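Comments concern the structure below.
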Amino acid sequence: MSFFSEALWVLLLGSLLGLELIGKVPPTLHTPLMSGANAISGITMLAALTLIIKSGDNLPLLIIGSISLGFALFNVIGGFLVTDRMLAMFSRKKTRK
Amino acid sequence: MSFFSEALWVLLLGSLLGLELIGKVPPTLHTPLMSGANAISGITMLAALTLIIKSGDNLPLLIIGSISLGFALFNVIGGFLVTDRMLAMFSRKKTRK
Amino acid sequence: MTFIAPIKFAIDLLAVLLLALGIKGLSKVRSAREANRLAAIAMMLAAFGVLLNSQGTIGISINSWIWIICGTLIGGLLGALTAKRVPMTAMPEIVALFNGCGGMSSLLVALGVALFPSSESSDGIVGELIRNFSIVVSLFVGAITFSGSIVAMAKLQGWLSTPSWTQSKARHFFNIFCAVLASIGGIYLLIDGKNGLFLILIASSLLGVGVTLPIGGADMPVVISLLNSYSGVAAAAAGFVVGSQLLIVAGAMVGAAGLILTQVMCDGMNRSLVSVLFGGALGASSASSGGGGGEYTNITSCSPEECALSLEAAERVVIVPGYGLAVAQAQHTLREVTRVLENADIEVTYAIHPVAGRMPGHMNVLLAEADVPYEQLKEMDIINPEFPATDVVLVLGANDVVNPQAKTDQSSPLYGMPVLDVQEARTVFVVKRGMSAGYSGIKNDLFDLPNTSMVFGDAKKVLGDLLLELKELGVGSKG
Amino acid sequence: MTFIAPIKFAIDLLAVLLLALGIKGLSKVRSAREANRLAAIAMMLAAFGVLLNSQGTIGISINSWIWIICGTLIGGLLGALTAKRVPMTAMPEIVALFNGCGGMSSLLVALGVALFPSSESSDGIVGELIRNFSIVVSLFVGAITFSGSIVAMAKLQGWLSTPSWTQSKARHFFNIFCAVLASIGGIYLLIDGKNGLFLILIASSLLGVGVTLPIGGADMPVVISLLNSYSGVAAAAAGFVVGSQLLIVAGAMVGAAGLILTQVMCDGMNRSLVSVLFGGALGASSASSGGGGGEYTNITSCSPEECALSLEAAERVVIVPGYGLAVAQAQHTLREVTRVLENADIEVTYAIHPVAGRMPGHMNVLLAEADVPYEQLKEMDIINPEFPATDVVLVLGANDVVNPQAKTDQSSPLYGMPVLDVQEARTVFVVKRGMSAGYSGIKNDLFDLPNTSMVFGDAKKVLGDLLLELKELGVGSKG
Ligand SMILES: NC(=O)c1ccc[n+]([C@@H]2O[C@H](COP(=O)([O-])OP(=O)(O)OC[C@H]3O[C@@H](n4cnc5c(N)ncnc54)[C@H](OP(=O)(O)O)[C@@H]3O)[C@@H](O)[C@H]2O)c1
Ligand SMILES: NC(=O)c1ccc[n+]([C@@H]2O[C@H](COP(=O)([O-])OP(=O)(O)OC[C@H]3O[C@@H](n4cnc5c(N)ncnc54)[C@H](OP(=O)(O)O)[C@@H]3O)[C@@H](O)[C@H]2O)c1
């Protein structure tokens with residue numbers, strides 16, 4: 001039970017926290033926020049990593065894990081970079097102000 | 001480790017959640033909110049309960065536990081009632097509006 | 001037995017959810033009352049969960065039940081009685097009292113566990129260390145919470161004054177000394193789990209006193225809110241001690257939320273937390289310096305009779321209640337006066353400044369007690385544009401909240417605080433006992449203005465006189 | 001080894017803290033950029049923690065390292081390239097693509113675990129059940145996220161149109177059918193942990209397509225945000241599958257935050273989430289009905305030449321960019337036109353409506369790309385009072401955001417949405433290709449007003465013509 005009780009606590013509190021974290025967001029930030037949150041959801045790369053590490057010599061599993069990792073990193077790296085590009089546009093303009 | 005790892009997760013997330021839960025509070029609600037939060041902090045009554053239950057036949061421990069429980073319940077019951085009294089004043093006026 | 005653990009677990013999760021909703025709801029006017037009930041239900045649920053789980057696993061002996069019921073009944077009854085009896089104006093001190101008891105409860109749990117360590121614990125050396133650390137935190141924070149809250153209550157009740165030595169720098173040395181002693185005790189206890197126990201208790205109790213005693217009565221609400229946050233921390237520590245996740249979450253939530261609330265309250269009165277905690281008593285220093293910041297040159301003073309005459313001739317009257325009205329307990333007399341005016345078809349409204357008085361919402365509570373209809377209470381932003389069209393403003397024991405310096409004088413400590421623009425009205429009467437300053441200790445430029453007249457005297461006494469004069473003039477007697 | 005577990009644990013806690021700060025920071029303009037970096041650092045930390053922990057405990061074989069590095073390099077490089085290459089205007093579709101890949105990743109993990117269950121699991125029957133349930137959730141949500149996101153991207157890129165059958169009620173039956181199939185597969189898988197796997201995969205992929213396909217391109221940002229929230233859920237489910245608390249917290253946070261963001265976005269465009277999801281395409285139905293809601297009776301149309309003449313004579317010009325400008329990719333031409341006007345000492349500002357275009361902040365990004373100085377961009381609340389003092393307003397491919405119905409006509413679906421009051425200006429030119437309606441499919445009363453003239457044509461083309469005319473007139477040529 002121990003892992004699951006911990007997991008459920010963490011799930012409950014994490015969800016509540018997520019609901020509270022975002023309050024009023026100015027419309028100009030909707031797209032960057034969406035894209036940043038999207039990059040974070042690529043955290044599933046940790047699952048892919050774990051899968052690969054635990055798969056030992058099981059080749060199909062290694063391949064599945066590796067593809068999964070690739071997808072996740074595509075999401076993460078692309079997501080953060082693209083968010084940064086968007087935000088750079090805003091902040092470049094901010095500083096000129 | 002398991003209890004403590006769970007406890008630390010829960011501590012971290014609970015604290016973050018607490019920081020986020022309260023945003024803008026109108027000044028009229030400061031006192032009731034303080035008093036309500038104060039009542040909730042009497043949750044330590046659970047610790048007192050656990051202490052009593054686990055103390056078996058150890059009389060001094062039973063007495064300490066019972067006093068502790070008394071203090072906690074003084075805090076909890078008094079706190080919630082007094083908060084309700086204050087809020088009743090506001091809402092009584094609200095409905096008349 | 002296999003069924004009980006998951007049920008207890010589900011109850012805990014639900015309780016935390018409800019508590020979070022409760023805290024959130026308490027910060028909105030519309031939902032506050034239900035939120036308070038929700039939180040109460042959550043607490044009941046949580047207690048039920050503990051009892052159920054214990055009954056189902058290790059069992060609860062008759063002996064335990066007796067002590068549980070004793071503690072519950074005595075504590076609960078006393079709490080309920082206190083809550084019912086206390087007058088609305090004594091809210092801050094009563095919250096302080098409750099809060100101190102919460103801290104005491106956490107302290108006692110830690111004390112019990114420290115004195116009679118259960119043999120079952122088998123978490124290895126790390127577990128032992130964490131447990132002892134929790135005991136230290138629980139004792140330390142619990143003691144500070146308790147002694148600090150009791151001092152806060154005593155000061156607010158007027159049982160304790162501010163001794164002059166506490167205003168000197170010496171107090172900082174005293175406090176640091178106590179903190180060092182408490183730390184030494186803590187380290188002892190960490191190492192062997194028993195020694196140092198009473199050193200911590202005594203040193204941290206003294207620390208609580210030493211920190212709270214120098215703080216002026218007016219800053220007390222902030223201190224109480226901070227101590228409330230501490231009692232959350234103490235509860236979380238107690239959670240580590242007895243091994244309850246629910247306690248840890250709830251304690252952490254209250255602790256963190258209390259911190260934010262403290263900050264919000266400080267912002268509301270234009271003070272910083274640091275200056276509240278270490279700056280000493282504002283009120284004390286200002287009381288000794290008399291007016292503070294410049295002399296009054298052009299004071300007009302008048303009798304209640306003249307004031308009554310102006311009121312009789314007015315069409316729109318605005319009442320500005322302040323701290324002095326609360327101190328004088330004059331809200332009921334005020335209500336009688338305004339009833340008379342209303343009978344004479346004079347329009348009466350009350351201008352409520354958000355931080356008038358000494359606790360947030362003080363004026364709302366005060367006037368609600370005297371049965372003033374809610375529609376007549378107007379918030380600052382709404383009433384401010386109406387002052388130019390007002391004939392008479394009656395300022396009753398308010399001072400800072402009507403100080404025009406806050407808008408005009410950049411160098412004033414009040415600068416930036418929103419205030420009521422009473423000087424825009426045709427005539428302003430200020431009822432106070434003398435020329436001494438308000439909470440901030442600052443001269444009030446309003447009193448020097450040509451359209452302001454002072455009516456000196458205790459608010460209750462002056463309002464009583466006013467009532468007589470108005471009756472003598474036949475105002476509002478429907479004839 | 002005893003050291004590694006606590007370190008890994010501390011890293012996990014820190015990562016979650018940073019992620020929370022990141023999400024919070026991203027919702028404020030001032031801190032957004034740093035917050036994004038913070039989140040990226042948190043992710044790196046988290047990955048490092050997993051590698052460290054595995055290396056220290058079970059060890060990572062060379063084989064595993066190779067596959068890890070392969071996956072990382074290929075995925076990372078492709079992601080970086082895509083992120084650098086994509087034009088700013090294609091943001092929504094690219095976010096959809098990334099998001100879909102995140103969902104696919106969770107799906108593959110669950111698939112791997114389901115196909116090759118590790119023998120080590122020994123949590124008893126309850127543990128098994130929870131694990132299988134997580135696999136089902138991960139597959140289901142991951143597949144919906146993937147197929148839905150890909151469809152969203154394809155529709156935004158114009159690779160897919162909205163088939164007419166998807167606008168009929170039949171689609172609801174199709175979707176319900178898929179959902180039922182997926183549930184059956186889920187129950188199978190729950191029971192024996194293997195069968196039903198592909199049934200779930202296929203049915204939920206079809207469900208993702210069936211739900212997303214009928215939605216109009218304009219509502220896509222909301223759908224993408226919702227799918228993003230789903231991919232958080234999928235990540236949390238994957239966390240249950242592989243037993244990682246960090247993944248569960250992070251997934252839950254993103255899932256919940258995404259839900260709130262979706263709601264905030266809906267509010268911003270005056271739509272409800274339910275109508276977005278189940279209402280079908282707004283654009284599609286309005287396109288077929290032509291103008292929609294009444295006929296135009298008093299349209300004045302004019303040539304770019306006349307428009308140029310008016311501009312030449314103006315002192316204050318306000319540009320209102322809209323969706324059409326983005327579609328026509330006319331921002332650079334626009335910038336050239338405004339440069340010419342500025343050279344002629346005509347004051348040019350841009351009125352930015354918060355939901356102009358098809359994604360939030362669309363216009364800011366678009367104009368920033370064309371190097372429009374930030375000071376010239378004015379938000380709705382600031383520019384609205386300035387329209388009466390404006391000589392010429394140039395509405396470029398905007399429609400709903402300048403529709404006065406939103407203020408005057410209570411029965412209009414737009415009623416209540418804040419709009420730009422361009423009709424207050426002396427002259428208004430509206431550049432669009434024809435008389436068809438905007439996103440909401442509603443007639444625009446502005447076009448009928450006497451001070452409004454239409455300039456028909458593609459925005460880029462009209463602006464090019466305008467540029468020629470202005471040069472011919474010698475405007476801004478410093479002579
Ligand atoms: N609301 C809160 O939460 C809160 C909390 C802490 C501090 N504060 C601070 O408290 C201040 C509140 O302003 P305020 O205008 O309400 O009060 P104030 O500025 O403190 O002034 C109160 C005035 O009442 C007079 N007074 C005292 N006893 C009286 C009596 N029995 N009869 C008649 N007058 C009496 C005093 O003058 P005499 O001595 O000459 O009579 C004093 O000038 C603000 O500075 C605020 O920041 C507020
Ligand atoms: N910003 C967001 O996040 C977001 C997201 C989803 C939906 N929306 C909604 O989108 C709408 C935005 O309003 P809007 O005024 O920007 O756009 P709109 O109301 O959708 O109108 C766009 C106009 O541009 C014209 N147009 C299209 N292509 C053109 C071209 N190549 N050259 C010239 N004109 C062209 C169209 O008319 P012709 O076909 O006659 O040329 C159409 O009337 C709002 O209703 C908003 O709620 C916004």
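Computed from heavy atoms alone, side chains included, the values below leave out hydrogens, waters and symmetry copies. Protein chains get the first letters and strands the later ones, always in sequence-line order, with residue 1 at the start of each. It should be emphasised that the depicted structure is a prediction, and the values quoted were computed from it without experimental measurement.
Looking at Ile260(D), the atoms closer than 4.5 Å to chain A (heavy atoms on both sides) all sit in the side chain, from C-beta outward. Using a 4.5 Å cut-off between heavy atoms, Asn58(A) contacts chain D through its side chain alone, with no backbone atom that close. Using a 4.5 Å cut-off between heavy atoms, Leu59(A) contacts chain D through its side chain alone, with no backbone atom that close. Looking at Val254(D), only its side chain comes within 4.5 Å of chain A, counting heavy atoms on both sides. Residue Leu73(D): no heavy atom, backbone or side chain, is found under 4.5 Å from chain A. Looking at Ala39(A), only its backbone comes within 4.5 Å of chain D, counting heavy atoms on both sides. For chain A, the nearby part of Arg37(D) is the side chain; its heavy atoms alone come within less than 4.5 Å. For Val86(D), the parts lying under 4.5 angstrom from a heavy atom of chain A are both the backbone and the side chain. Heavy atoms closer than 4.5 Å to chain A are found in both the backbone and the side chain of Met43(D). Using a 4.5 Å cut-off between heavy atoms, Leu51(A) touches chain D through its side chain atoms alone. Neither the backbone nor the side chain of Leu107(D) comes within less than 4.5 Å of any heavy atom in chain A.
No donor-acceptor distance shorter than 3.5 angstrom exists from the side chain of Asn99(D) to the backbone of Asn38(A), with no hydrogens or angles considered. The closest donor-acceptor contact from the side chain of Ser66(A) to the backbone of Ile68(D) lies at 3.5 Å or more, if one exists at all. Side chain of Asn36(D) to main chain of Phe80(A): a donor-acceptor pair is present (N/O by atom type, distance under 3.5 Å, no hydrogens or angles).
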Derivation of the side-chain contact (heavy atoms from CB on, under 4.5 Å) call for Leu97(D) and Phe74(A): CA-CA 10 Å; Leu97(D) 176 65; Phe74(A) 182 70; 3.9 Å; yes
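When the side-chain contact (heavy atoms from CB on, under 4.5 Å) test is applied to Ile58(D), the partners found at least two apart in sequence or on another chain are Ile53(A), Lys54(A). Under the side-chain hydrogen bond (donor to acceptor under 3.5 Å, both in side chains) criterion, Ser138(D) pairs with no residue at all, not counting sequence neighbours.
Residue Leu49(A) holds its CG atom at 10.5 Å from CG of Leu247(D), rounded to the nearest 0.5 Å.
Ring geometry, Phe4(A) versus Phe240(D): the interplanar angle falls under 30°, so the pair is classed parallel (tilted spans 30 to 60°).
Heavy-atom pairs under 4.5 Å with chain D peak, among Ser68(A), Gly70(A), Ser55(A), at Ser68(A). With respect to chain D, the highest number of heavy-atom pairs below 4.5 Å among Pro60(A), Ser35(A), Ala47(A) belongs to Ala47(A). Ranking Val76(A), Val25(A), Leu81(A), Leu19(A) against chain D, the residue ahead of the rest is Leu19(A), based on heavy-atom pairs under 4.5 Å.
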